[in-house]
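Just the heavy atoms: all of them, side chains too, but no hydrogens, waters or symmetry mates, feed the values below. Residue indices begin at 1 and follow the sequence shown.
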Amino acid sequence: QVQLVESGGGLVQAGGSLRLSCAASGRTLSNLHMGWFRRPPGKEREFVAAIGWEGGNTYYADSVKGRFTISRDNAKNMVTLQMNSLKPEDTAVYYCAAAVNLIRSVAALTGSAYAYDYWGQGTQVTVSS
C-alpha cells in the first residue's frame, strides 16, 4: 500500500507561482512512475505531468508545458510540481498518483489515469484573475 498526501495548494493571482508536494508513505517511490492530475470545477479529471521512476523522463500536458515542472526526490520519498505563470484555467483540485505496475509504463507516462494504482486526496489550487 502507498499513501500519498498532497500539500502546497492555495489561492494565487494570475501570473503567480505555487509549488505542490506529494509525500508518500508505506513504500518507497523510487521504483514507481509518478504523476499529477487535476480536476477543474465541473470538468473531468485531466493529466498534468508525469515522471519516470528513474527521474530522467518527464511528460507534460500541452496546456502546462513550459510553465510547470515535475521533479522527484527519491531519498525524501517525495514528488513536487512547480507551477509558474499560473492562469485562471489552472484552477482545479490537483492529485498526485503512483503507478506500481511498470508494465503499464507507457500508459502511465503519457497520462492515462487507469495506469495509476494509488491516488492522494487532492489539494485545491485557485488562480484569480
Between [X] (side chain) and [Y] (backbone), is there a donor-acceptor pair under 3.5 Å?
{"X": "D117", "Y": "A99", "value": "no"}
{"X": "E6", "Y": "G122", "value": "yes"}
{"X": "R72", "Y": "L29", "value": "yes"}
{"X": "R27", "Y": "Q3", "value": "no"}
{"X": "S112", "Y": "Y114", "value": "no"}

To the nearest 0.5 angstrom, please state how far the [atom1] atom of [X] sits from the [atom2] atom of [Y].
{"X": "Y94", "Y": "L20", "atom1": "OH", "atom2": "CG", "answer": "7.5 Å"}
{"X": "S30", "Y": "N77", "atom1": "OG", "atom2": "CG", "answer": "7.5 Å"}
{"X": "C22", "Y": "W36", "atom1": "SG", "atom2": "CH2", "answer": "5.0 Å"}
{"X": "I70", "Y": "Y60", "atom1": "CD1", "atom2": "OH", "answer": "6.5 Å"}
{"X": "L32", "Y": "L4", "atom1": "CG", "atom2": "CG", "answer": "9.0 Å"}
{"X": "N84", "Y": "F68", "atom1": "CG", "atom2": "CZ", "answer": "8.5 Å"}

Exercise for the section: Decide side-chain contact (heavy atoms from CB on, under 4.5 Å) for L81 and R19; before the verdict, give the C-alpha distance in whole Å, the side-chain angles of both, and the deciding distance to 0.1 Å. Expected result: CA-CA 6 Å; L81 184 70; R19 185 178 180 87; over 6 Å; no

Excluding sequence neighbours, so at least two apart, what forms salt bridge (charged side-chain N to carboxylate O under 4.0 Å, His left out) with [X]?
{"X": "E46", "result": "R38"}
{"X": "D73", "result": "none"}
{"X": "R67", "result": "D90"}

Handout entry: Within-4.5 Å side-chain heavy-atom neighbours: S17 and M83
Key = no

Practice task
Taking the side chain as every heavy atom from C-beta outward, state whether L18 and V125 have any pair of such atoms under 4.5 Å apart.
Solution key: yes

Exercise for the section: State whether a side-chain donor-acceptor pair under 3.5 Å links T80 with S21. Expected result: no

Exercise for the section: Identify, with sequence neighbours excluded, every residue that meets side-chain contact (heavy atoms from CB on, under 4.5 Å) alongside T91. Expected result: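 side-chain contact (heavy atoms from CB on, under 4.5 Å) list for T91, sorted by chain: P41, Q124, T126, V127.
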
Exercise for the section: Just jot down the side-chain contact (heavy atoms from CB on, under 4.5 Å) partners of E54, sequence neighbours excluded, or say none. Expected result: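 Scan of E54 (side-chain contact (heavy atoms from CB on, under 4.5 Å), adjacent residues dropped) gives N57.
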
Using the rule that two of Ile, Leu, Val, Met, Phe, Trp, Tyr join whenever any of their side-chain heavy atoms come within less than 4.5 Å, decide whether [X] and [Y] are in one cluster.
{"X": "V48", "Y": "Y118", "answer": "yes"}
{"X": "V93", "Y": "V12", "answer": "no"}
{"X": "I51", "Y": "V100", "answer": "yes"}

Closest non-hydrogen atom pair between [X] and [Y], with its separation:
{"X": "S71", "Y": "V79", "result": "O-CG1, 3.2 Å"}
{"X": "R45", "Y": "A113", "result": "NH2-CB, 3.5 Å"}
{"X": "A98", "Y": "M34", "result": "CB-SD, 3.5 Å"}
{"X": "A14", "Y": "P88", "result": "CB-CD, 4.1 Å"}

Exercise for the section: For F37, check ring pair (Phe, Tyr, Trp, His ring centres under 6.0 Å) against everything at least two apart and list the hits. Expected result: F47, Y116, W119

Handout entry: Residue K65 excluded, over 12 heavy atoms near NZ under 6.0 Å
Key = yes

